[in-house]
Amino acid sequence: MIRKILIFAIVFPSFLPLLAEKPKYQYFGKAYDLNTGKYVYSDNHKEYYNNGKHTHSEIQYKDANGKVFGSKHIEFDQNSEVPTFKTIDDRDGYTEGADVKGKSVRLFFKRKKEDPLSEKTYTPKSPAVMDGGFDYFVRNNWEPLSRGERMSFHFIAPVQLDDYKFAVLKIKVGEWKGRPALYLRLEIDNFLLKQVVKPFLLVYDVQTRRILQFEGLSNINDENGKSLKVKIVYDYPKDVLEP
């Protein structure tokens, strides 16, 4: 066995770190249809760290029967609020993501496997937030949000090859399943679009600043390729919520 590993390391040396790499934290969220309450999918997270810093995550999406139907790779080491990422839905080939190089961002997406890849490279306005980088925006601005300040930013949407002005503000500080929690509302910062785009509701744990619950439009579609409106409830092991 050792001989096989050594041969593999000599022939494919760049793959050797992957053999030893293990996630520091693992957790999952269960998504329920907001209209029916039906359990529709789960997102299963593995977080990887280097010298105490969260470098990247691997996420698997599973349907209600536990079958994997999609995945996401997301990198936080260069820019935690505007991360490089790629999401793939294996059911229809839906793909979206971004490559971040300094201040430049290459957005790309396709709705179906047979579609050509649409892409655009540009420099978004600051402050900018994209995909899972929103969690880090909340953590990095925890104090002003807790005081009730309304924080605006440009939310980058690869599937639209553009960004939109959004704002997040505190609803209240309360409890969530016995834990002190910060309740937030995320809304599009445009009077006309606000009439058609409903706000997102989010709950964050005060102690760890981890997301506990999400309500709103999902980045995952249903089996027909239509956007899902969901409530996601997150389940963490003790070493995450009680570090």
Side-chain angles (χ1 to χ4, degrees), residues 12 14-15 17-18 21 23 29 41 43-51 53-61 68-141 151-168 186-190 193 197 200 202 211 214 216-221 225-228:
F12 304 106
S14 62
F15 286 88
L18 297 178
E21 191 176 34
Y41 73 87
D43 50 68
N44 303 267
H45 298 246
K46 293 182 178 181
E47 291 185 353
Y48 296 83
Y49 286 70
N50 185 22
N51 294 323
K53 183 180 179 181
H54 183 195
T55 56
H56 65 285
S57 288
E58 301 291 346
I59 303 166
Q60 278 192 333
Y61 298 99
V68 176
F69 67 84
S71 63
K72 178 193 291 185
H73 172 80
I74 183 166
E75 301 174 6
F76 297 99
D77 52 346
Q78 291 188 49
N79 189 329
S80 61
E81 295 182 7
V82 185
T84 288
F85 81 98
K86 185 176 184 180
T87 301
I88 300 176
D89 190 324
D90 298 324
R91 296 170 298 181
D92 57 8
Y94 177 92
T95 301
E96 72 165 320
D99 291 321
V100 181
K101 302 292 183 184
K103 295 182 179 180
S104 177
V105 180
R106 183 180 74 90
L107 307 177
F108 58 87
F109 83 96
K110 62 178 178 179
R111 296 189 182 277
K112 294 183 179 179
K113 187 180 300 182
E114 61 270 20
D115 291 346
L117 194 69
S118 298
E119 58 182 289
K120 171 185 174 182
T121 299
Y122 81 126
T123 301
K125 296 177 182 177
S126 183
V129 174
M130 184 165 57
D131 199 77
F134 178 73
D135 273 352
Y136 277 101
F137 181 85
V138 170
R139 295 176 195 178
N140 295 339
N141 294 280
M151 310 287 295
S152 295
F153 55 89
H154 297 271
F155 198 92
I156 303 170
V159 71
Q160 301 294 335
L161 299 181
D162 207 348
D163 61 65
Y164 298 87
K165 195 77 173 294
F166 270 75
V168 59
L186 173 65
E187 59 189 12
I188 195 160
D189 201 7
N190 178 289
L193 292 177
V197 180
F200 301 83
L202 307 105
I211 189 168
F214 166 95
L217 200 64
S218 173
N219 64 334
I220 296 298
N221 299 324
K226 294 184 177 181
S227 298
L228 284 165

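Numbers here are sequence positions counted from 1.
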To the nearest 0.5 Å, atom CG of Asn79 lies from atom CD of Glu81 at 6.5 Å
Can you sort out the partners of Lys46 under salt bridge (Lys or Arg N to Asp or Glu O under 4.0 Å), two or more places apart, ordered by chain and number? none
Check the angle between the aromatic planes of Phe155 and Phe153 and answer parallel, tilted or perpendicular using the 30° and 60° thresholds. tilted
Determine all donor-acceptor pairs shorter than 3.5 Å in which one atom belongs to a side chain in residues 99-112; sequence neighbours excluded.
unit_1 : atom_1 : unit_2 : atom_2 : d
Asp99  : OD2    : Arg106 : NE     : 3.2
Asp99  : OD2    : Arg106 : NH2    : 2.6
Arg106 : NH1    : Glu119 : OE1    : 3.0
Lys110 : NZ     : Lys113 : O      : 3.3

If only atom types and distance count, is the side chain of Lys120 paired as donor or acceptor with the main-chain N or O of Asp162 below 3.5 Å? no
Is a donor from one side chain sitting under 3.5 angstrom from an acceptor on the other, for Asp189 and Ser152? yes
Quick check: closest heavy atoms across Ser57 and His54, and the distance to 0.1 Å? OG-NE2, 2.8 Å
Interatomic distance, CD1@Ile74 vs OG1@Thr84, rounded to 0.5 Å, equals 9.0 Å
Is Leu186 close to Phe134 at the side-chain level, that is, under 4.5 Å between some pair of heavy atoms? yes
Salt bridge (Lys or Arg N to Asp or Glu O under 4.0 Å) involving Glu187 - partner list, sequence neighbours excluded: Arg150, Arg185, Lys194
Listed by chain and number, what are the side chain to side chain donor-acceptor pair (under 3.5 Å) partners of Thr87, not counting sequence neighbours? none
Heavy-atom side-chain proximity of Ile156 to Tyr122 below 4.5 angstrom: yes
What's the spacing between Asp90 CG and Ser71 OG if we round to 0.5 Å? 6.0 Å
Rounded to the nearest 0.5 Å, how far apart are CZ of Phe166 and CZ of Phe137? 12.5 Å
With Asp131 via salt bridge (Lys or Arg N to Asp or Glu O under 4.0 Å) - residues at least two apart: Lys72
Quick one: do the Tyr61 and Asp89 side chains pair a donor with an acceptor below 3.5 Å? no
For Gln60, which residues count as a side chain to side chain donor-acceptor pair (under 3.5 Å) partner, sequence neighbours excluded? none
How about Glu75 and His73: does a side-chain donor come under 3.5 Å of a side-chain acceptor? yes
Supply the atom-to-atom distance Leu117 CG to Thr95 OG1, rounded to the nearest 0.5 angstrom. 7.5 Å
Return the minimal non-hydrogen interatomic distance between Tyr48 and Pro23, and the atom names on each side. CE2-N, 3.4 Å
So do the side chains of Ser218 and Tyr41 get within less than 4.5 Å of each other, counting heavy atoms only? yes
Distance, nearest 0.5 Å, that separates NZ of Lys53 from CG of Asp77: 6.0 Å
